[in-house]
Amino acid sequence: MVYFLNEIEQKYLLMHLRPMIRRNPVPEELRGWNWHSPPLKPYYDVKLPMYLICSKYCDTRRDVYLAMVEKAKGEETFNIKLGKAIHDAVSTAINKAKMLDFTSRPEQHENKSIQEAVDLVWEYTIAESKTSFLKARAMQNFASKEDVILTSIPFLVEHRMSGELLGCSGIIAVDCYDYLRNIIFDVKVGRMDEMNARLYTTGYALVVESLYEIPVDVGCTVYISFKNGLSVRRDLHYIDANLRSYWIEERDKKAEIVYNQEDPGKAENCNANCLYRSYCL
Ligand code: SF4
């Protein structure tokens with residue numbers, strides 16, 4: 001499954017990542033439940049959407065200025081539409097599987113290539129969920145159906161949370177939270193710099209910590225691509241002090257732009273997928 005670790009990843013998590021985290025724990029001041037004290041306490045009284053805090057599309061951060069100060073409406077590119085459709089397909093397929101519905105089909109998309117990608121990821125997610133459920137049921141045939149579902153597909157998908165304590169606006173939906181292994185998952189469709197992608201899992205982990213006061217140390221970015229059929233690659237990582245400080249720095253720099261309402265100017269190299277190309281180019 002998109003969110004189900006294979007044997008090698010399980011070993012990496014248990015034998016490498018968890019022991020490393022125990023030897024080098026997250027400093028207390030960088031836990032989300034310390035949102036009321038520096039450095040986590042928001043420096044400016046500004047609330048930003050999580051995607052804007054974590055987005056690294058624009059070198060000058062002009063996307064933040066355009067979205068929050070100018071209230072510009074971005075134009076969705078093909079890749080952004082594909083990303084939305086894939087996120088929706090994965091979360092809907094898992095929720096269907098958790099109801100033991102393994103026969104439903106995904107919603108139809110008007111674009112043929114997007115539809116093909118959605119079908120691939122849907123079939124994969126349903127097949128893996130069904131296998132996981134059947135395996136667990138065969139091993140625990142004394143357990144209730146609910147018990148088997150909750151342990152074989154232990155994923156809260158599109159879990160909605162408020163990030164207000166940390167200076168985030170609105171309701172934040174985390175792609176997936178594995179409540180048995182305590183891992184935050186974030187799906188990326190296509191390629192992205194690994195460190196930048198880890199900002200998202202870091203932001204979600206901080207929000208979970210701020211709300212539920214439980215430590216979340218492990219994140220996993222799931223890269224999905226469709227170049228030669230479906231490809232799924234996972235980047236399991238420690239949400240360490242550096243990532244947490246990086247997220248806080250991004251939040252505060254972007255909040256400063258909004259607070260001062262200052263246009264930071266255009267970037268030199270604009271990302272082909274930036275929503276605001278029609279405003280800047
Ligand atoms: S088009 Fe370029 S300058 Fe404008 S927000 Fe996007 S990346 Fe930044």
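Read the numbers this way: they start at 1 and go in the same order the structure lists the ligands and their atoms.
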Within a strict 4.5 Å, meaning less than it, do heavy atoms of the [X] and [Y] side chains meet?
X: Y223; Y: D235; answer: yes
X: N182; Y: D217; answer: no
X: S37; Y: E29; answer: no

Between A72, A267, P264, which one has a non-hydrogen atom sitting closest to atom 3 (S) of ligand 1?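 Looking at heavy atoms only, A267 sits closest to atom 3 (S) of ligand 1.
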
Please identify which atoms of ligand 1 are closer than 4.0 Å to at least one heavy atom of C58.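 Once the distances to C58 are compared, the set is 3 (S), 5 (S), 7 (S), 8 (Fe).
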
Just jot down the ligand 1 atoms closer than 4.0 angstrom to any heavy atom of C274, in number order.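 Selected atoms, number and element: 1 (S), 5 (S), 6 (Fe), 7 (S).
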
Under 6.0 Å from the six-membered ring centre of F4 and within 45° of its axis: does the NZ or CZ of R181 meet both?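 Yes, a cation-pi geometry.
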
So, is the end of the K254 side chain (NZ or CZ) under 6.0 Å from the ring centre of Y65 and within 45° of the ring's axis?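 Output no; distance or angle outside limits.
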
So for L281, does at least one of its heavy atoms come nearer than 4.0 angstrom to any atom of ligand 1?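 The answer is no: ligand 1 sits nowhere under 4.0 Å from a heavy atom of L281.
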
What protein heavy atom sits nearest atom 4 (Fe) of ligand 1, and how far away is it?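 Here the closest protein heavy atom is C280 SG, 2.3 Å.
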
Looking at atom 4 (Fe) of ligand 1, is there an N, O or S atom belonging to C270 that lies under 2.8 Å away from it?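 No N, O or S atom of C270 is closer than 2.8 Å to atom 4 (Fe) of ligand 1, so no.
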
